[in-house]
Visitor: 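Below are the structure tokens for one structure; questions will follow.
For the numbers below, each heavy atom of this structure counts, side chains included, while hydrogens, waters and symmetry mates do not.
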Amino acid sequence: MKIMVLGGGVIGVTTAYYLAEAGHEVTVVDRQKGPALETSFANAGEISPGYASPWAGPGIPLKAIKWLLMKHGPLVVRPAFDPHMWTWLVKMLRNCTAERYAINKARMVPLAEYSRDTLKALREATGIAYDERAQGTLQLFRTQKQLDGTGGDVEVLKKYGVPYEILDQDGCIAAEPGLAGVREKFVGGLRLPRDETGDCKMFTDRLAELCVARGVKFEYDFTVWRVIRSRNRIANLSTSKGWMTADAYVMAMGSYSAEFMRRVKRPIPVYPVKGYSITVPIQDAALAPVSTVMDETYKVAITRLGNRIRVGGTAEISGFDLRLHESRRRTLEHSVGDLFPGAGAMRDATFWCGLRPMTPDGPPLIGRTELSNLYLNTGHGTLGWTMACGSAKVLSDIISSRVPDIDVRDLAQERYLR
């Protein structure tokens, strides 16, 4: 088929790759001047299936109040007169139960695990390189209460057969030697040895090159002006590049997917949650992390990417506001400076923010829509990099009328229509 992928981030480009591998004629369109220039540009760098969990869970409403009051809290809410914001928040609160958390987690972990394996197979088949490392993730606990509270997470890891290690201070330092000088700052950690890291932007750029070699076309500086429907399908699009048509369309526009879906009268509950990062050049490799350290207190991820440290965090609910707030930078600098003092040249750090496309229950939206030739691959939240390859391979199989390797029926839009 002739397929148009709407969106040139990591989700759109991986989708294009697997569709091209399946023999389709693929065009990727994006409003930016190149691939991965929005949410995929400078994310935390984690490929962490073991941490594939919905944000909505038991106790989150009370924790949110605490986070909002912290100086370096991980949550920021900037209220606005936006009905989509408040509707999304209400739906998220409805998912903050033990029952819904278990259901949503069960929908996310298999996809994340499958995606890591799919990425590994892609790496072996193509030799693609992106400052990748396969040295695990360490969730670091600053208090005994945090360490004692890992029981629920460990039970979930056991249920899905995810290897893990509970570490004391010495174990944490063995995994991350850069922590040796600050052992008094933490009590222990939970390590997931199979997790990986890598530069999402670098990966997407290089995969786009592999796509071009397979015949995929890329159209940048591209805007959809009007969507023409005919009965139960998209007939064509009026765009900045003229009228364009395809046999099928894939919605992979991240947070901007929701606006497009409203235009075709098929709304989806995807809302942007802004995250921030700083990228710090390493000045002393012996003091830097070797993989990813999750600072549980501030919900900040500190990741080694080649000769850089990527520090990412914050959940800011503020609509499509892309302003950079210095208070968020100070939080990121505080976390990395506290745990890895002297590792990076903070004065040379670059500051960035991006919009994570979040669903209120947590799992992404993958599969068919009520329009017969429109498919979804969006709503991955903080796990777009983690789930990209698996989501793309699954959707390619669905579009190609093949049975996917894993069951993703509960990830379809239908779950919001029941």
Visitor: Can you find a side-chain donor-acceptor pair between Asn104 and Asn95 that sits under 3.5 Å?
Guide: yes
Visitor: Scan the side chains in residues 340-350 for donor-acceptor partners under 3.5 Å anywhere in the protein, sequence neighbours excluded, and list what turns up.
Guide:
none

Visitor: Report the C-alpha separation of Glu196 and Arg133 in whole Å, then their side-chain angles, then the decisive distance to 0.1 Å, and conclude whether the salt bridge (Lys or Arg N to Asp or Glu O under 4.0 Å) test is met.
Guide: CA-CA 6 Å; Glu196 300 184 5; Arg133 290 180 174 227; over 6 Å; no
Visitor: Is it true that Tyr271 and Asp82 share a donor-acceptor pair across their side chains at a distance under 3.5 Å?
Guide: yes
Visitor: Testing Val216, Leu19, Asp247 one by one against His24 for a side chain to side chain contact (heavy atoms under 4.5 Å, CB included), which residue passes?
Guide: Leu19
Visitor: Tell me, do Glu184 and Gln169 make a side-chain contact under 4.5 Å, heavy atoms counted?
Guide: no
Visitor: Under the 3.5 angstrom rule, does the side chain of Ser335 hit a backbone N or O of Leu332 as a donor-acceptor pair?
Guide: no
Visitor: Classify the side-chain pair Lys105/Ser53 by whether it contains a donor and acceptor separated by less than 3.5 Å.
Guide: yes
Visitor: Going by the ring-ring contact (aromatic ring centres under 6.0 Å, His included) test, which pairs reach into residues 133-154, not counting sequence neighbours?
Guide: none
Visitor: Judged by atom type as modelled, is there a donor-acceptor pair below 3.5 Å linking the side chain of Lys201 to the main-chain atoms of Pro35?
Guide: yes
Visitor: Kindly indicate whether the side chain of Val394, heavy atoms from C-beta on, has any atom under 4.5 Å from the side chain of Ile406.
Guide: yes
Visitor: Think Arg266 forms a cation-pi with Phe260, using NZ or CZ under 6.0 Å from the six-ring centre and within 45 degrees of its axis?
Guide: no
Visitor: Determine yes or no for a side-chain-to-main-chain donor-acceptor pair under 3.5 angstrom, with Thr97 supplying the side chain and Arg100 the backbone.
Guide: yes
Visitor: Look at the side chain of Thr314 and the backbone N and O of Glu316, then say whether any donor-acceptor pair between them is shorter than 3.5 Å.
Guide: no
Visitor: Quick one: does Ile399's side chain get under 4.5 Å of Val250's, heavy atoms only?
Guide: yes
Visitor: With a 4.5 Å limit on heavy-atom distance, are the side chains of Arg263 and Val224 in contact?
Guide: yes
Visitor: Going by atom types alone, do Arg310 and Thr279 pair a side-chain donor with an acceptor below 3.5 Å?
Guide: yes
Visitor: Between the side chain of Arg206 and the main-chain N/O of Ala129, is any donor-acceptor distance below 3.5 Å?
Guide: yes
Visitor: Check each of Thr204, Leu207, Thr39, Thr15 against Val10 using the side chain to side chain contact (heavy atoms under 4.5 Å, CB included) test, and report the only one that passes.
Guide: Thr204
Visitor: Could I get the full list of ring-ring contact (aromatic ring centres under 6.0 Å, His included) partners for Tyr298, not counting sequence neighbours?
Guide: His334
Visitor: Have Asp405 and Tyr114 got a donor and an acceptor in their side chains that come within less than 3.5 Å?
Guide: yes
Visitor: Any donor-acceptor pair under 3.5 Å linking the side chain of His380 with the backbone of Pro364?
Guide: no
Visitor: Any side-chain donor-acceptor pair under 3.5 Å between Gln146 and Glu296?
Guide: no
Visitor: For Glu370 and Gln413, test the side chains for any donor-to-acceptor distance below 3.5 angstrom and give the result as yes or no.
Guide: no
